[in-house]
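Data block below; observations after.
Owing to the predicted nature of the structure, the values given are computational and were not obtained by experimental measurement. Every chain is numbered from 1 and lettered A, B, ... according to where its sequence line falls, protein lines coming before strand lines.
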Protein chains: 2
Amino acid sequence: MATTIKDIARKAGVSISTVSLVLNRKGYVADETRDKILSIMEEMNYKPLHSARKLATQKTGNIGYILWEGHFSEVEMFYSQVFLGMEYAARRDDYYILLTTVNDHFDPKEDLPRFLKYKDVDGVALAGRVPLELVKYLDDNNIPFVLIDYEIPGQNYNSVKIDNYNGAFRAVECFVRQGRKKIAFVGGTFFHPSIKERYRGYIDVLSKYNLISRKNPEIYSFCEESETSRAIGEKGIKSLLSSYPDIDAVFCCNDTTALGVISGIQSLKKRIPEDIAVIGFDDIPPSEFSSPKLSTLQVPKLDIGKEAYKLLYERICHPNIMPQTRIIPVELVIRESSKCLK
Amino acid sequence: MATTIKDIARKAGVSISTVSLVLNRKGYVADETRDKILSIMEEMNYKPLHSARKLATQKTGNIGYILWEGHFSEVEMFYSQVFLGMEYAARRDDYYILLTTVNDHFDPKEDLPRFLKYKDVDGVALAGRVPLELVKYLDDNNIPFVLIDYEIPGQNYNSVKIDNYNGAFRAVECFVRQGRKKIAFVGGTFFHPSIKERYRGYIDVLSKYNLISRKNPEIYSFCEESETSRAIGEKGIKSLLSSYPDIDAVFCCNDTTALGVISGIQSLKKRIPEDIAVIGFDDIPPSEFSSPKLSTLQVPKLDIGKEAYKLLYERICHPNIMPQTRIIPVELVIRESSKCLK
DNA sequence: TATTTTTATCGAAACGTTTTAATTTATTTT
DNA sequence: AAAATAAATTAAAACGTTTCGATAAAAATA
């Protein structure tokens, strides 16, 4: 049916070995021969059959992308965009990405993703929070993997992270530069390490500018809930404002929460940004269309995916290199919700 | 390294052909022999190597899932959930699903997803609106495919659709049964056929109960915008209410819009559902947490994916059967926003 | 009983690549 | 000019399956 390496070889008057060498850019092939073979490939629209190639090389040509099921149902598309970034990057090396989800309760005997069970991947990307047992399984079985936007305390694994700390720092520092003094934090739980980092950045700015001190030890933060959502943002800011009505800026753990904070502030008839400025984190699509438009830290989701792929690919090729962490910078985009006042 | 069919054969004292027969449940194998082979496989944790299998069978073992890039960045996770449904269903037959996106402007020469270019899939699922040229390419090249939640006017293709018409009909009829008389529709564009169908259901209920007539020809509908969103829902209902302040129910083209409609109604100090009842469509996660909780038509996204997979799989096995359309029913879930009044 | 059919098993070819080691030819070094 | 090295090509084995056709034994039929 389809043209094979044999057809190419026959037509070019060479052996299939030579064709293979051209295909893989290996060994010695005369320039003339190479050009001839390449043009015949072009002409006959030849594409090497992946399954044959994989069988011969003993590689799968796949990498797995594992996501906690809850994340995939979430409103935010964060991890889907990261996936897309990996997919783009993987094209370079003809790798396919197999996506699957895992649950909270994870038993390697039972719940192992089938691409691991059947050894159908050369490596795995773990997106966000993921069961510890799974990480352990990969580690124990020497399967190359990379953590995305997550970390295991006390362990040094290959990982790609967002620069949560510096992003938060810059956002809050921006409030300070505008002369704002009562800067609140609205978050959900510290369940996810990213949020903890963002909070740390927030606190460090307050310290740096002496906005927390013996004289003024109050921290205007709300992070009691078990998750983050619009509703919690609204609830959080209302609760804070009832205790501290003179809050003049709010840094939120993410945009979803920030959108709720905006609703909350508006329902109390305060003006944004005149009375209170708001900055979120993530830059999800609705942030650009909210009113006022939300200032936020834009995290380059595609880049995260690309970097994760590259790191993983390197580890697939050289499995015994020390684990590495790569930090992806974020960018503060100022929109209406934190505009400077004249 | 890993155990192969040869190891199994040797240990069982049979030929590899026999092992293969057991593996594929084909031909004649004595019960005794089969049991022995199976238990040895179990014991040695044998998993057939996919690439070898694929090479021998000349199948790829993959199916492609193609999504318009815009959908993947959207806030709603509709198509991701559908994907997950396919992934679940595909496990039965050891199929992997390769996800990729395409842009609006699509030239088969340039933009063909690589799994098509390299013939790495046995069939393709097209999710939502997708370039016509792509559909044509698949049709011309006899690649089995199924459309999900989409249709090409005038063409009869394999497809899985939501029962938009009947869902809308039941929702609006529910308003009528509550005695509501001025029932509005807020939608975005009719760009997507689904919305057109929902509107058709809405109109047909009005006709059935003589809510549109010569005496009363006004239709309270808003669908001027180029997309659907929260903001547009809010804008839409405000615009309608300023012209028709006695509207007592709103059917929305989807939940996102409905959430905006709720905000709009609330900002005008009307009560939901006492003054105005609201029903959406889709049942996205925030609907359950909005206040009031949104009544909506719950569309079983996983089921859609599963059905799409099954249909596609049938076509991969039997390519020359007439195209079929399967309609997935939706369920009206009444929450607070359309509660019946005593 | 002889013949046909069914059941059970297996050897060998095929699937389309990569890769190793061998061979030939060309070039450089002595 | 001989020897050594480099460049170009290839034959053949290997990767792990499936499947076709052959063979043999057992069961059913004539």
Counting only side-chain heavy atoms from C-beta out, which of [options] sits nearest to [X]?
X: B:Ala52; options: D:dT18, C:dT9, D:dT17; answer: D:dT17
X: B:Tyr28; options: C:dT17, C:dA8, D:dT10; answer: C:dA8
X: B:Ala30; options: D:dT18, C:dT17, C:dT9; answer: C:dT9
X: A:Arg53; options: C:dT17, D:dT19, D:dG16; answer: C:dT17
X: B:Tyr46; options: D:dT18, C:dT17, D:dT17; answer: D:dT17
X: B:Leu23; options: D:dT18, C:dT17, D:dG16; answer: D:dT18
X: B:Ala56; options: C:dC15, C:dC10, C:dT17; answer: C:dC15
X: A:Val29; options: D:dT9, D:dT10, D:dT17; answer: D:dT9
X: B:Val14; options: C:dC10, C:dT17, D:dG16; answer: C:dC10
X: A:Ile16; options: C:dC10, C:dT18, C:dG16; answer: C:dT18

Counting any heavy atom closer than 4.0 Å, what does [X] reach on the DNA or RNA strands: base, sugar-phosphate only, or nothing?
X: A:Thr18; result: base
X: B:Ser20; result: base
X: B:Lys26; result: sugar-phosphate
X: A:Thr33; result: sugar-phosphate
X: B:Leu55; result: base

For atom [atom1] of [X] and atom [atom2] of [N], their distance in whole Å:
X: A:Leu21; N: C:dT19; atom1: CG; atom2: P; result: 9 Å
X: B:Asn24; N: D:dT19; atom1: CG; atom2: P; result: 6 Å
X: A:Leu49; N: D:dC15; atom1: CG; atom2: P; result: 19 Å
X: A:Asp94; N: C:dT17; atom1: CG; atom2: C1'; result: 14 Å
X: B:Asp31; N: C:dT7; atom1: CG; atom2: P; result: 12 Å

### Message
Taking the basic N atoms (NZ, or NE/NH1/NH2) and the acidic carboxylate oxygens, is any pair closer than 4.0 Å for B:Arg114 and A:Glu87?
### Response
yes

### Angle between terminal axes - the helix from C:dT1-D:dA30 to C:dT30-D:dA1, 5 pairs each end, rounded to 10°
40°

### Query
Is any side-chain heavy atom of B:Gln324 closer than 4.5 Å to a side-chain heavy atom of B:Tyr157?
no

### Query
Would you say the side chain of B:Ile304 lies within less than 4.5 Å of the side chain of B:Ile162, judging by non-hydrogen atoms?
yes

### Task
Applying side-chain contact (heavy atoms from CB on, under 4.5 Å) between A:Tyr118 and each of A:Val121, A:Leu116, A:Asp120, report the one that passes.
A:Asp120

### Query
In this structure, which one of B:Ile40, B:Asn24, B:Leu38, B:Val14 forms a side-chain contact (heavy atoms from CB on, under 4.5 Å) with B:Val19?
B:Val14

### Query
Looking only at N and O atoms, is any donor in the side chain of B:Ser17 or the base of C:dG11 less than 3.5 Å from an acceptor on the other one?
yes

